[in-house]
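What follows is a short report on a single structure.
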Amino acid sequence: MRPILLQGHERSITQIKYNREGDLLFSVAKDTVVNAWYSVNGERLGTYAGHTGALWCVDVDWDTKNVLTGSADNSCRLWDCETGKQLALLDTSSAVRTCGFDFSGNIIMFSTDKQMGYQCFLNFFDLRDPQQIEDNQPYLTVPCSESKITSAVWGPLGEFVIAGHESGEINQFSAKSGEIQKTVKEHTKQINDIQSSVDLTMVITASKDNTSKLFDSASLDHIKSFKTERPVNSAAISPSMDHVVMGGGQEAMDVTTTSTRIGKFEARFFHAAYEEEFGRVKGHFGPINCVAFHPDGKSYGSGGEDGYVRLHYFDAQYFDFELEA
């Protein structure tokens with residue numbers, strides 16, 4: 001498995017995202033830079049400059065036309081992917097924690113943090129209506145007063161958003177009415193990450209309770225659980241195999257007191273059906289904050305507290321691998 005090291009950030013990586021074709025990778029970190037990379041060789045294509053605070057989230061639409069970023073500078077920004085020009089600036093009252101385009105690329109959602117006396121909101125904007133952007137008025141705002149949203153993804157066909165909360169609860173919010181359609185609480189601690197399968201029928205969660213769980217997108221039925229002995233910061237579902245990859249490690253504030261071996265900073269691979277671990281990949285010098293599979297399933301990327309993005313390309317024997325029933 002040959003790694004490519006991407007060095008373009010000065011602080012810890014918070015999220016990485018491939019576009020649909022997989023030729024580009026976007027990364028954001030706790031510095032103010034949004035980077036775009038060629039995934040085939042790790043060459044930096046360019047940056048999107050404008051944010052003045054730590055970046056928490058990034059998303060790219062279906063046809064790689066626009067990029068969406070959310071930051072602790074209390075703004076969510078829309079960029080032209082090709083030119084790097086800022087198309088829209090949406091000001092908020094607190095940090096933007098999650099953001100995403102729906103299937104069509106016309107509707108965006110983002111959530112804000114519960115801080116500085118402001119509660120958490122989930123906002124929906126229709127990009128086809130310039131008035132909404134101009135007035136900074138979403139067509140739908142959903143208050144989440146009990147527990148803040150820590151990660152969120154769109155469901156199939158853009159009908160609802162699946163959001164994970166600080167309390168470990170998962171909610172399904174209607175994109176039309178804002179009503180909570182379904183609620184489950186399978187985790188005991190904060191959910192750090194939610195990612196969809198390539199066909200949007202399943203989502204995988206990563207939690208501080210040392211587990212990652214697989215759910216049905218529509219019904220939120222709990223399907224599988226993957227257990228580790230350290231907090232899980234991120235998890236992704238392979239688009240081509242029955243595999244999931246998980247990244248995490250010891251809490252970042254305790255890292256200076258541990259070696260990389262004890263801190264358990266490896267990416268870990270589990271079989272999605274048998275719930276058994278079959279492989280680990282070392283590389284990062286601190287906790288892994290985010291993982292993502294390439295859309296063709298032949299490689300994956302990880303971003304760490306050490307400020308590096310690593311791209312790993314699988315050897316041929318990975319695809320011959322199958323756990324015995």
Side-chain angles (χ1 to χ4, degrees), residues 2-90 95-101 105 108 110 151 153 192-193 195 233-234 236 245 247 252 267 283-296 299-313:
R2 59 184 178 93
I4 298 177
L5 198 62
L6 310 185
Q7 296 172 279
H9 291 286
E10 294 173 357
R11 298 185 63 196
S12 50
I13 312 297
T14 50
Q15 192 171 19
I16 58 173
K17 188 71 68 102
Y18 285 97
N19 66 341
R20 183 173 57 98
E21 291 82 11
D23 58 331
L24 298 180
L25 176 75
F26 298 88
S27 64
V28 291
K30 288 181 183 173
D31 54 20
T32 58
V33 182
V34 187
N35 281 325
W37 313 83
Y38 286 116
S39 63
V40 67
N41 58 6
E43 181 188 341
R44 183 154 68 170
L45 174 63
T47 60
Y48 302 89
H51 281 291
T52 56
L55 283 133
W56 291 117
C57 53
V58 61
D59 196 23
V60 55
D61 63 8
W62 177 260
D63 52 6
T64 321
K65 196 173 147 199
N66 297 326
V67 176
L68 189 67
T69 55
S71 167
D73 65 8
N74 298 359
S75 75
C76 183
R77 298 177 193 232
L78 185 71
W79 311 84
D80 184 293
C81 180
E82 189 179 354
T83 63
K85 183 186 171 195
Q86 183 177 297
L87 301 176
L89 166 60
L90 303 168
V96 177
R97 181 65 55 171
T98 67
C99 64
F101 289 99
I108 60 167
F110 61 86
S151 186
V153 292
N192 291 323
D193 187 29
Q195 292 194 36
N233 293 334
S234 185
V245 62
H284 286 284
F285 303 109
I288 295 174
N289 290 338
C290 47
V291 292
F293 269 105
H294 190 285
D296 67 6
S299 65
Y300 82 96
S302 57
E305 195 71 27
D306 54 12
Y308 295 123
V309 177
R310 296 175 72 93
L311 304 182
H312 298 268
Y313 288 81

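Residues: numbered from 1 along the sequence shown. We use all heavy atoms of the structure for the numbers below, so side chains are in, but hydrogens, waters and symmetry mates are not.
The shortest non-hydrogen separation linking Ser39 to His294 is OG-NE2, 3.9 Å. Taking every heavy atom of both residues into account, Ala267 and Tyr300 meet most closely at CB-OH, 3.4 Å. When all heavy atoms of Ala236 and Ala292 are compared, the closest pair comes out as CB-CA, 4.1 Å. Listed here is the closest heavy atom pair of Val40 and Tyr313: CA-OH, 3.5 Å.
Checking side-chain atoms of Asn233 against main-chain N and O of Gly247 turns up no donor-acceptor pair under 3.5 Å. Side chain of Thr32 to backbone of Gly53: no donor-acceptor contact under 3.5 angstrom is found.
Residues Glu305 and Lys30 have side chains in contact (heavy-atom distance under 4.5 Å, counting atoms from C-beta outward). Within the 4.5 Å cutoff, the side chain of Val96 has no heavy atoms near those of the Asn74 side chain. For the pair Cys81 and Asn66, the minimum side-chain heavy-atom distance is 4.5 Å or more. Inter-residue side-chain proximity for Phe26 and Asn35 is flagged as unmet; no heavy-atom pair is nearer than 4.5 Å. Thr14 is not listed as a side-chain neighbour of Asn289, based on a closest heavy-atom distance of 4.5 Å or more. Leu25 places none of its side-chain heavy atoms less than 4.5 Å from the side chain of Tyr38. Using a 4.5 Å cut-off on side-chain heavy atoms (C-beta onward), Ser299 and Leu311 make no contact. Looking only at side-chain heavy atoms (C-beta outward), Gln195 and Ser234 come within less than 4.5 Å of each other.
Using a 4.0 Å cut-off between charged side-chain N and carboxylate O, Asp306 and Arg310 make no salt bridge.
For Tyr308, the OH atom is loosely surrounded, since the number of other residues' heavy atoms within 6.0 Å does not exceed 12.
Partners of Tyr48 according to the ring pair (Phe, Tyr, Trp, His ring centres under 6.0 Å) rule, which considers only residues two or more places apart in sequence or in another chain, are Trp79.
Residue pairs satisfying the salt bridge (charged side-chain N to carboxylate O under 4.0 Å, His left out) criterion with at least one member in residues 33-55, sequence neighbours excluded, are absent. Under the salt bridge (charged side-chain N to carboxylate O under 4.0 Å, His left out) criterion, the residue pairs touching residues 6-29 are Lys17-Asp59, with sequence neighbours excluded.
One finds the OG atom of Ser12 at 12.0 Å from the NE2 atom of His284 (value rounded to the nearest 0.5 Å). Between the CG atom in Leu87 and the CG atom in Leu89 there is a gap of 11.5 Å [rounded to 0.5 Å].
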